[in-house]
Engineer: 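For reference, the structure I am asking about is given below.
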Amino acid sequence: MNTPAKRPESHLFYQTRQRRPMLDRGEGIYLYDRDGNAYLDGSSGAMVSNIGHSNPKVLAAMKRQMDKATFGYRLHFENEPAELLATKTASYMPDGLDRVFFVSGGSEAVESCIKLARQYAVAVGQEKRWKVISRTPSYHGATMGALALTGMNSMTDPFLPMLQMMPKIPAPTCYLDRDNMTLEQRGLRYADMLEEKIEAEGPETVLAFIVEPIGGASTGALVPPDSYLPRVREICDKYGILLIYDEVMTGAGRTGKFLGGDHWPGATPDIVALSKGFAAGYAPLGAMVAHRRLVEPVLDHGGFVHGYTYAGNPLACAAGLAVLAEVERQDLVARADVMGAKLKSELTGLMDRYPFIGDVRGRGLLLAFELVADRETMEPLPKEMNAFTKLVEEAYARKLIIYARRTRGGVIGDHFLVCPPLIITDTEIGELMEKLTGALDAFAENAGLERNP
């Protein structure tokens, strides 16, 4: 009997000691390990691989750029891919948002947004404005500035002595509310919490409000009522506060619009953070896109005091250009809307079989379902059950990758993001659902949870 060869010690470390198979290659919506096993990428990694893996047109564009130059420092040279990508990015934005600053990832994009907002306030003589209101739960990134905006105790508690934490208001978790209000009324009630917080903090001290138009990992694809963001925009205008959209996860077409905020055209932001699907995993890339009325005073006041070594990297920008070309060529924004509706219908259908699925939500191919102990009260499953890890492992054993987080502030509750690449087909949705159903059956049996025939 052959015993498996012992894996060598890894000198890498990340969050835990858990080991995974060695990645060999990716193709379409699948990733393959070195033993030839195919894993259906049901979460696009961390909601990144929007156009799928190993797209030949993107790889060819990157190779063409590699043959020219892979790096040129932005203070020494301009480069054509960065210029072209900035122009292309601005073309997707609301009117006036046409100044682009490239970064390497989502945390850097958010950090850039709040730094620009602050420097704008200083440039126009509003030095007292420095507070950026955010929501809880929320996640805006891993840098210290982005963590200060994050409303998730499990992520922020170790660093509290080092952080200048920012004020928070509740996210519009209307699906948990048990009242007699309409959805529209609930949206207005949650939005009005922003005005209450501004007044409590002192309007002259509040700089900006940052929000994911559709929630990401912290809230599990939370879609606000249609009344919410337009009212938020009104409040920001009333108090002269900047509205920042964190579109790191929602941007580049995932929700069925290029920006998640485009679902509410009456709520135009002042600054947008992009990453993840923006270059779809082909290169580390993100962007801050800001209204010109913010950028020009900052440049006139001595310049933007901020920067990253790889900002505007020509290879990364060439990848981003090629990714956006594929988004357009394959009409993936519209496809996300159509395929997302089909997948959401399938996920909603699971509620008939599994009484412990309490909610299915999302827009486009940013979808999630939440597990509960009681669907009527939305009481979460016991924390010690660790459903958020166990179901992920059951899915992984069936070669399906999904993404889980703790729903209620990162401490209790369990939600699972199902966000495959936008290129997914009807047949592949069927395969995804078959694997997910098998994982749910095994999880329910092991946890002693009720299932219906």
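Along the sequence shown, residues are numbered consecutively beginning with 1. If you're wondering where the values come from, they're calculated on a predicted model, not measured in any experiment.
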Engineer: Before giving the answer on side chain to side chain contact (heavy atoms under 4.5 Å, CB included), spell out for Ile424 and Leu432 the whole-Å C-alpha distance, their side-chain angles and the decisive distance to 0.1 Å.
Structural biologist: CA-CA 10 Å; Ile424 193 168; Leu432 186 158; 4.2 Å; yes

Engineer: Mark yes or no for whether Arg118, through its side chain, and Arg129, through its backbone, hold a donor-acceptor pair below 3.5 Å.
Structural biologist: yes

Engineer: Counting neighbours of CD on Glu184 that are heavy atoms of other residues, nucleotides or ligands and sit closer than 6.0 Å, is the number greater than 12?
Structural biologist: no

Engineer: Taking all non-hydrogen atoms of both residues into account, name the closest pair between Met378 and Gly358 and its distance.
Structural biologist: SD-O, 3.8 Å

Engineer: Charged N to carboxylate O below 4.0 Å: is that the case for Lys115 and Glu108?
Structural biologist: no

Engineer: Start with the C-alpha gap between Lys88 and Glu328, add the side-chain angles, then the distance that decides, and say whether salt bridge (Lys or Arg N to Asp or Glu O under 4.0 Å) holds.
Structural biologist: CA-CA 11 Å; Lys88 173 59 73 174; Glu328 292 184 355; 3.1 Å; yes

Engineer: One pair to check against side chain to side chain contact (heavy atoms under 4.5 Å, CB included): Ile214 and Leu366. What are the steps and the verdict?
Structural biologist: CA-CA 9 Å; Ile214 298 173; Leu366 180 61; 3.9 Å; yes

Engineer: Is atom CZ of Arg19 surrounded by more than 12 heavy atoms (other residues, nucleotides or ligands) closer than 6.0 Å?
Structural biologist: yes

Engineer: With a 3.5 Å cut-off and sequence neighbours excluded, list the donor-acceptor pairs that the side chains of residues 21-31 form with protein atoms.
Structural biologist:
from  : atom 1 : to     : atom 2 : distance (Å)
Arg25 : NH1    : Glu27  : OE1    : 3.0
Tyr30 : OH     : Glu431 : OE1    : 2.5

Engineer: We want to know whether Arg361 and Thr219 form a side-chain donor-acceptor pair, criterion being a heavy-atom distance below 3.5 angstrom.
Structural biologist: no

Engineer: Under 4.0 Å between a side-chain nitrogen and a carboxylate oxygen: does that hold for Asp179 and Arg189?
Structural biologist: yes

Engineer: Is it possible for you to check whether Arg20 lies under 6.0 Å from the centre of the six-membered ring of Tyr396, through NZ or CZ, and within 45° of that ring's axis?
Structural biologist: yes

Engineer: Roughly how far apart are Arg406 CZ and Ser218 OG, rounded to 0.5 Å?
Structural biologist: 15.0 Å

Engineer: Looking only at heavy atoms, which two atoms of Ala38 and Lys399 are closest? And how far apart?
Structural biologist: O-CB, 3.3 Å

Engineer: Does any part of the side chain of Tyr245, heavy atoms only, come nearer than 4.5 Å to the side chain of Ile271, both counted from C-beta?
Structural biologist: no

Engineer: Rounded to the nearest 0.5 Å, how far does CZ of Phe159 lie from CE of Met165?
Structural biologist: 11.5 Å

Engineer: We want to know whether Gln18 and Glu393 form a side-chain donor-acceptor pair, criterion being a heavy-atom distance below 3.5 angstrom.
Structural biologist: yes

Engineer: Heavy-atom distance under 4.5 Å between the side chains of Asp192 and Tyr190, does that happen here?
Structural biologist: no

Engineer: With a sphere of 6.0 Å drawn around CE of Met181, does it hold more than 12 non-hydrogen atoms of other residues, nucleotides or ligands?
Structural biologist: yes

Engineer: Indicate whether the side chain of Asp270 and that of His291 have a donor and an acceptor atom separated by less than 3.5 Å.
Structural biologist: no

Engineer: Is Arg405 positioned over the aromatic face of Phe388, cation under 6.0 angstrom from the ring centre and no more than 45 degrees off axis?
Structural biologist: no

Engineer: Tell me whether the centres of the aromatic rings in Tyr308 and His306 are closer together than 6.0 Å.
Structural biologist: yes

Engineer: Could you walk me through whether Tyr32 and Tyr39 pass the ring pair (Phe, Tyr, Trp, His ring centres under 6.0 Å) test, one step at a time?
Structural biologist: CA-CA 6 Å; Tyr32 296 82; Tyr39 297 76; 8.6 Å; no

Engineer: When you measure from the side chain of Thr173 to the backbone of Leu176, do you find a donor-acceptor pair of N or O atoms at a distance under 3.5 Å?
Structural biologist: no

Engineer: Show the numbers, then the answer: is there a side chain to side chain contact (heavy atoms under 4.5 Å, CB included) between Leu367 and Val360?
Structural biologist: CA-CA 7 Å; Leu367 299 170; Val360 175; 5.9 Å; no

Engineer: Can you confirm whether Arg329 is buried at CZ, in the sense that more than 12 heavy atoms of other residues, nucleotides or ligands lie under 6.0 Å from that atom?
Structural biologist: yes

Engineer: Report yes if the side chains of Glu204 and Gln126 come closer than 4.5 Å at any heavy-atom pair, otherwise no.
Structural biologist: no

Engineer: Please check: side-chain N/O of Ser345 versus main-chain N/O of Lys342, any donor-acceptor pairing under 3.5 Å?
Structural biologist: no

Engineer: Tyr175 versus Glu370: any side-chain heavy-atom pair under 4.5 Å?
Structural biologist: yes

Engineer: Does Pro213 reach the side chain of Leu229, with side-chain heavy atoms less than 4.5 Å apart?
Structural biologist: yes

Engineer: Could you tell me whether a side-chain N or O of Ser134 sits under 3.5 Å from a main-chain N or O of Leu149, the two making a donor and an acceptor?
Structural biologist: yes

Engineer: State the CG-CZ distance between Asn50 and Phe278, to the nearest 0.5 angstrom.
Structural biologist: 12.0 Å

Engineer: Does Tyr73, at its OH atom, have more than 12 non-hydrogen atoms belonging to other residues, nucleotides or ligands within less than 6.0 Å?
Structural biologist: yes

Engineer: I'd like to know whether Val289 forms a side chain to side chain contact (heavy atoms under 4.5 Å, CB included) with Asp98, so could you lay out the CA-CA distance, the side-chain angles of the two residues, the decisive distance to 0.1 Å, and finally the verdict.
Structural biologist: CA-CA 7 Å; Val289 189; Asp98 59 3; over 6 Å; no

Engineer: How long is the straight-line distance from CD1 of Ile402 back to CG of Leu417, given to the nearest 0.5 Å?
Structural biologist: 9.0 Å

Engineer: State the OG-CG distance between Ser91 and Leu97, to the nearest 0.5 angstrom.
Structural biologist: 12.5 Å

Engineer: Answer yes or no: are there more than 12 heavy-atom neighbours, outside Glu127 itself, under 6.0 Å from its atom CD?
Structural biologist: yes

Engineer: Within the supplied structure, the quantity of interest is the number of heavy atoms (other residues, nucleotides, ligands) at a distance under 6.0 Å from Glu199 CD; does it exceed 12?
Structural biologist: yes

Engineer: Check whether any side-chain N or O of Arg233 sits under 3.5 Å from a backbone N or O of Gly266 as a donor-acceptor pair, and report yes or no.
Structural biologist: no

Engineer: Hey, are the side chains of Met162 and Met144 touching, using non-hydrogen atoms and a 4.5 Å cut-off?
Structural biologist: yes

Engineer: Answer whether the closest heavy-atom distance between the side chains of Leu242 and Tyr120 falls below 4.5 Å.
Structural biologist: yes

Engineer: With a 4.5 Å heavy-atom cut-off, do Tyr239 and Val206 have their side chains touching?
Structural biologist: no

Engineer: State, to 0.1 Å, how close Cys113 and Ile244 come at their nearest heavy-atom pair, and which atoms those are.
Structural biologist: CB-CG2, 4.0 Å

Engineer: Rounded to the nearest 0.5 Å, how far apart are CG of Leu321 and CD of Glu83?
Structural biologist: 11.0 Å

Engineer: Compute whether any side-chain donor of one residue and acceptor of the other, for His415 and Thr407, lie under 3.5 angstrom apart.
Structural biologist: yes

Engineer: Any sub-3.5 Å donor-acceptor pair from Asn313's side-chain atoms to Thr70's backbone N or O?
Structural biologist: yes

Engineer: For Val323 and Ala280, work out which heavy atoms get closest and say how close.
Structural biologist: CG1-CB, 3.9 Å

Engineer: With the threshold set at 4.0 Å, does a side-chain nitrogen-carboxylate oxygen contact exist between Glu195 and Arg231?
Structural biologist: yes

Engineer: Could you pull out the closest heavy-atom pair between Ala287 and Phe102, with the gap in Å?
Structural biologist: CB-CD2, 3.8 Å

Engineer: Between Phe71 and Tyr310, does the ring centroid distance fall short of 6.0 Å?
Structural biologist: yes

Engineer: Of all heavy-atom pairs between Leu365 and Gly340, which one has the smallest distance, and what is that distance?
Structural biologist: CD2-CA, 3.7 Å

